[in-house]
There are 2 protein chains.
Amino acid sequence: MEQAISSVDRATSELRQMIFSGELAPGSDHLETELAERLGMSRTPVREAALTLRAQGLVELRPRRGLRIAPVSAQDMRDIYDILTELESLAAARAAEARYSRADLATLASTINDMDTALANDDLRAWAQADDRFHRELVRLGRNARLSMIVSVMRDQVRRARSTTLFMRPKPVQSNDDHRAVYQAIAAGDAKTAHDIHHTHRRQARDMLVALLEKHQLHGL
Amino acid sequence: MEQAISSVDRATSELRQMIFSGELAPGSDHLETELAERLGMSRTPVREAALTLRAQGLVELRPRRGLRIAPVSAQDMRDIYDILTELESLAAARAAEARYSRADLATLASTINDMDTALANDDLRAWAQADDRFHRELVRLGRNARLSMIVSVMRDQVRRARSTTLFMRPKPVQSNDDHRAVYQAIAAGDAKTAHDIHHTHRRQARDMLVALLEKHQLHGL
DNA sequence: GTATCCATTAACGTATACATAAACAGATAC
DNA sequence: GTATCTGTTTATGTATACGTTAATGGATAC
């Protein structure tokens, strides 16, 4: 009983992919008809996908101009990281309060190992993926479905900018140490430490990324 | 040249209104066709509005069952207030850092006066409205458009529950004092104090509301 | 009486049709 | 040359059509 994927879902995920990959460039406009043709469907599912993507901040709808792929400025990056900082730190605190067993934290621990391995291999893409998994798992452990949703939407908004700057940034050694410290605080049930370390971690990430964007004049990524 | 309001916009705002007023009861299901007829339009704009409302967490879309008006449990309330607490407190800190002039803060100050007046008159509805304006203005002063958006979506999700419990809660005297203290910290440029007071303020509001919902068995408001 | 199967119904997902109004170009006035 | 006007084009907003498929109820088997 396989679930035939609906056109709307396909449009949503394919458009997301095209945005993340840069195939649809930040700031560019695309007519509904054009996208519908590219995706091999009628305008209706494209329109519906567009509404969802707009709600997630990935596109703007400009009547008679088409969908505009939302650019992300340095200021946007700051704003988004501020939100991520607060909400992920809250999740870290809640995770610590939840008194998870080591077994419950196994997934979190494994992402940290993956990051270590990737770093040893100088494989930045693998590192970024493991980093992503760490943050996603951390938020999941915080057990607040709305918070998870918001964080994942914000994370998507900076995905392009993050992958563009991935190879410009210094080796993320500090990141791994931070993650390990957060993990240990959660395992120890120390909510305040988990919160504060993660907070500092995210604020540093924000400053580093914003500096990169501004230095390289990467406007509207 | 007045801007003829589009059907989608009308559907969105009318459905929102019907949800807030309780005309569409929490947990109830409503077919697209039925709603379209009630609003005097075809299914298309109703569907599009539904997608937006889903993104805002106000309805769920259940194929062949219709739109379900999202209920808000005590746990939901806790989750939402946790998010509001962090984000509004961040906004308060940012507002303090922005070094606004007294003139810039006039609107904020006026909402506090309105709350005092309303409380003196025992007019709880007017108090709630002024309280809303205070929080909205506070967030606006934080200058983070995405944060403002998230906060307003979260606030909408608990709107029904708040108005239901409005007359059960103790007189919000403490609230007015808290708001005044936050205002003064912002005016003084003291980000930490603004943040911490508002944080405590929101956490207390959360505990009070959650206790009310649980005590009165108000499930799925 | 209960459970299973099947026919019927109707809500949805998607495609298509169409009127409206914005964008653009070309023409005209100055 | 510049600005305004006008006609044309076309993307959109909305309505409608239609096939698919999940939900419902009744019949049948036990």
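In what follows, chains are A, B, ... by sequence order, proteins preceding strands, each numbered from 1. Remember, it's a predicted structure, so these values are computed and weren't measured experimentally.
- Close to dT14(C), at under 4.0 Å from its OP1 or OP2, lies a side-chain N or O of Ser7(A).
- A heavy atom closer than 4.0 Å to some atom of DNA chain D occurs in Leu31(A), Glu32(A), Arg43(A), Arg47(A), these being the qualifying members of residues 29-57 of chain A.
- Listed nucleotides dA11(C), dG13(D), dT14(C) differ in distance to Val8(A); the shortest reach to its side chain belongs to dT14(C).
- Counting to the nearest Å, the C1' atom of dA22(D) and the CZ atom of Arg64(B) are 5 Å from each other.
- Distance CG (Leu67(A)) to C1' (dA11(D)): 12 Å, rounded to an integer number of Å.
- The nearest whole Å value for the distance from the CZ atom in Arg65(A) to the C1' atom in dA22(C) is 9 Å.
- Between Phe134(A) and His179(A), the ring-plane angle classifies as parallel under the 30° and 60° cut-offs.
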Carefully, step by step, assess Arg38(A) and Met18(A) under the rule side-chain contact (heavy atoms from CB on, under 4.5 Å).
CA-CA 11 Å; Arg38(A) 263 165 98 162; Met18(A) 289 159 81; 3.4 Å; yes
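- Counting heavy atoms of neighbouring residues, nucleotides and ligands inside a 6.0 Å radius, atom CE of Met149(B) does not exceed 12 of them.
- Listed here is the closest heavy atom pair of Gln157(A) and Gly57(A): NE2-CA, 3.6 Å.
- Note: CG (Leu61(B)) to P (dA11(C)) measures 16 Å, nearest angstrom.
- Following rounding to the nearest Å, Ile5(B) (CD1) and dT12(D) (P) show an atom-to-atom distance of 19 Å.
- Partners of Ala109(A) by side chain to side chain contact (heavy atoms under 4.5 Å, CB included), not counting sequence neighbours, listed by chain and number: Tyr183(A).
- Asp79(B) is linked by a side-chain hydrogen bond (donor to acceptor under 3.5 Å, both in side chains) to Gln75(B), counting only residues two or more places apart in sequence or in another chain.
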